[in-house]
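Hydrogens, waters and symmetry mates are skipped; everything else that's a heavy atom, side chains included, is used. Proteins come first, then strands; the chains are lettered A, B, ... in the order of their sequence lines, and each starts at number 1.
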Amino acid sequence: MYALLDGNNFFVSCERVFRPSLKCRPVVVLSNNDGCAIARSEEAKALGIKMGAPYFQIRHLHDQAGLVALSANFTLYGDMSDRMHGLAAGMGPAQEIYSIDECFIGGLDGVRDVTRRARAIRERIHRGIGLPTCVGIATTKTLAKLANHVAKDAERKPGSYPVELAQVCNLAECPPEMQLHVLHQTPVGDVWGVGRRIARRLAELNICTALDLSRMPPAQARDQFSVVLERTVLELRGIPCIPLELEPPPKQQIACTRSFGMPITDLPPLVEAVSHFAQRAAEKLRAQGSRCGSLLVFAHSSPFRTNDPRFSESATVQLLQPSSDTAVLVTAAERGMRKIYRPGYRLAKAGVMLLDLSPQTREQSSLLPDDTTTTGRDQSALMEAMDQINQRWGKGTVSAGSAMKSGDWRMKQERRTPDYTTRLEDLPTARA
DNA sequence: TCTGGGGTCCTAGGACCC
DNA sequence: TCTGGGGTCCTAGGACCC
């Protein structure tokens, strides 16, 4: 038995905790660079704003309908997320943190009164940190996801489902007719693991609802699609195929990529940007205790500006030996960028990806006699000191020389809210 | 003028080996 | 003139997730 708990309109809800005036208003949170809407309040959804809608296309709704648009504040959301997951863990013996706003709880078979317990946890989260959540409970993760949809729909679309299912829906407790009804009401594209493409192909086979999909022969799902879809079919039938992942496996690649605040044509700001990306990526790399064997740098022009000349290049730089040293990675990133750079293009985005990750174990010295790369204890001690300083005093307190964050490649974030929960200066003040 | 970022897994096809 | 079969590894591309 699994439960899935997730925060409703998570980023918007985080913002509303500290600005109650945003309640009952249409609110969106924008992606980096204030590019497009990545979270919407119910009121914003009612205005017809789609997930991913470019901001410039919905900006007029500010005057027309009082839309409030905020820059993403991931520091705030990450901290609220930690608190939410901490409270959610009380629901059962095992927890998988699936994303910033969702977690699965497993091992519920031995837990008495699961539904009531889920309601109590929801209440505790709401009282404790002010976030609204919904919980779906079922025999498999895929069905728990589905139940979670039901809990949400029952709450916000009166009449769609019985009110008892609002906020917390335990599908396993529902009578069989209701279970069938739920599967029948769910479009196949809303099933976890079925995206737009596969939904379209399934529709050609006359498979349009979750119920239809659950009745597809698993072998056919495997032959005509993939083992992934076969698992989904089985999960919809109540046969668990996707286990709980208690500990996140170490990442196999680490990326840092950004769209620029304005188009870049010159080499120096590009080098500065990728140096910065390499530095950030190196921090993430060390945080999970890994080294990387190679690094990929890319840059491209805007795919949306069809009149501009197109540019899209990448270079993979092999390191002499695996490293997690900021200086080594920054140097490699710069080299890659100099290699792919061509003048005359308006570049919109660039990034660095660390590949061939392996665990940071013992020091391994180079076989090459004249390898001048600085290695060994001194360098890793320096990295450790850098990470600690930045952790204690804030990101970017110390940084590699070429990676200073000064240029106009920096992203636009014109409507960012304060770091209410992680910076003393931003602590909200309560007035009597 | 203005369109995000960071991941995973699976599959097909080619290279290579015996 | 005749030209196998089975396996592994790697990569690129597609699909999905939030």
| query | What integer distance in Å separates Ile254(A):CD1 from dG5(B):C1'? | reply | 14 Å
| Touch check for Asn33(A), heavy atoms < 4.0 angstrom, all strands: base, sugar-phosphate only, or nothing? | nothing
| Whole-Å distance separating the CD atom of Gln252(A) from the P atom of dC10(C) | 13 Å
| message | In whole Å, measure the gap between the C1' atoms of dG4(C) and dC16(B) for me. | response | 16 Å
| task | Using only side-chain N and O atoms of Arg59(A), determine if any of them is under 4.0 Å from OP1 or OP2 of dT1(B). | result | no
| Do the numbers put Arg59(A) on top of the ring of Tyr55(A), so that NZ or CZ is under 6.0 Å from the six-membered ring centre and no more than 45° off the axis? | yes
| message | Quick one: does any side-chain atom of Asp82(A) pair with a main-chain N or O of Asp79(A) as donor and acceptor, under 3.5 Å? | response | no
| query | Is Lys141(A) salt-bridged to Glu96(A), cutoff N-O under 4.0 Å? | reply | yes
| query | Is there a donor-acceptor contact under 3.5 Å from the side chain of Ser324(A) to the main chain of Arg291(A)? | reply | no
| query | Should dT8(B) form a Watson-Crick or G-U wobble pair with both distances under 3.5 Å, which nucleotide is its partner? | reply | dA15(C)
| task | Take the angle between the ring planes of Tyr77(A) and Phe10(A) and call it parallel below 30°, perpendicular above 60°, tilted in between. | result | perpendicular
| message | Using whole Å, what does the distance between atom P of nucleotide dT8(B) and atom CD1 of Ile242(A) come to? | response | 17 Å
| task | For nucleotides 11-18 of chain C, just jot down a letter per nucleotide in 5' to 3' order: B, S or -, based on protein non-hydrogen atoms under 4.0 Å. | result | ----SSSS
| Nearest-neighbour nucleotide for the Arg305(A) side chain, dG6(B), dT8(B), dC2(B) considered | dC2(B)
| request: Grab the CG-P distance between Leu354(A) and dT8(B) for me, whole Å please. | output: 12 Å
| message | Check for me whether Arg201(A) meets the cation-pi criterion with Phe225(A), that is, NZ or CZ under 6.0 Å from the six-membered ring centre and within 45 degrees of the ring axis. | response | yes
| task | Could you tell me if the ring centre of Trp192(A) sits under 6.0 Å from that of Phe104(A)? | result | yes
| task | Pick base, sugar-phosphate or nothing for Tyr55(A), based on heavy-atom distances below 4.0 Å to the nucleic acid. | result | nothing
| said: Distance check needed: dG7(B) C1' versus Phe74(A) CZ, whole Å only. | reply: 14 Å
| said: Between Arg231(A) and dC9(B), is there a contact of a side-chain N or O with OP1 or OP2 at under 4.0 Å? | reply: no
| query | Roughly, in whole Å, what's the span from CZ in Phe11(A) to P in dG6(B)? | reply | 13 Å
| remark: Between CE of Met353(A) and P of dG7(B) the distance, given in whole Å, is 8 Å
| remark: Sorted by chain and residue number, the side-chain hydrogen bond (donor to acceptor under 3.5 Å, both in side chains) partners of Ser290(A) (sequence neighbours excluded) come out as Gln288(A)
| query | Which part of the nucleic acid, if any, lies within contact of Lys412(A), taking any heavy atom under 4.0 Å across all strands shown: a base, the sugar-phosphate backbone alone, or nothing? | reply | nothing
| field | Value in whole Å for how far the P atom of dG6(B) lies from NZ of Lys284(A) | value | 5 Å
| Phosphate OP1/OP2 of dT3(B) contacted by Lys349(A) side-chain N/O (<4.0 Å) | no
| query | Phe304(A) has a side chain; which of dT8(B), dT3(B), dC2(B) sits nearest to it? | reply | dT3(B)
| query | Mapping Ser226(A) and Cys36(A) onto DNA chain B by nearest heavy atom, which one lands closer to the 5' end? | reply | Cys36(A)
| So, is Ser259(A) near the phosphate of dT3(B), with a side-chain N or O under 4.0 Å from OP1 or OP2? | no
| field | Earlier contact from the 5' end, DNA chain B, for Gln253(A) and Ile38(A) | value | Ile38(A)
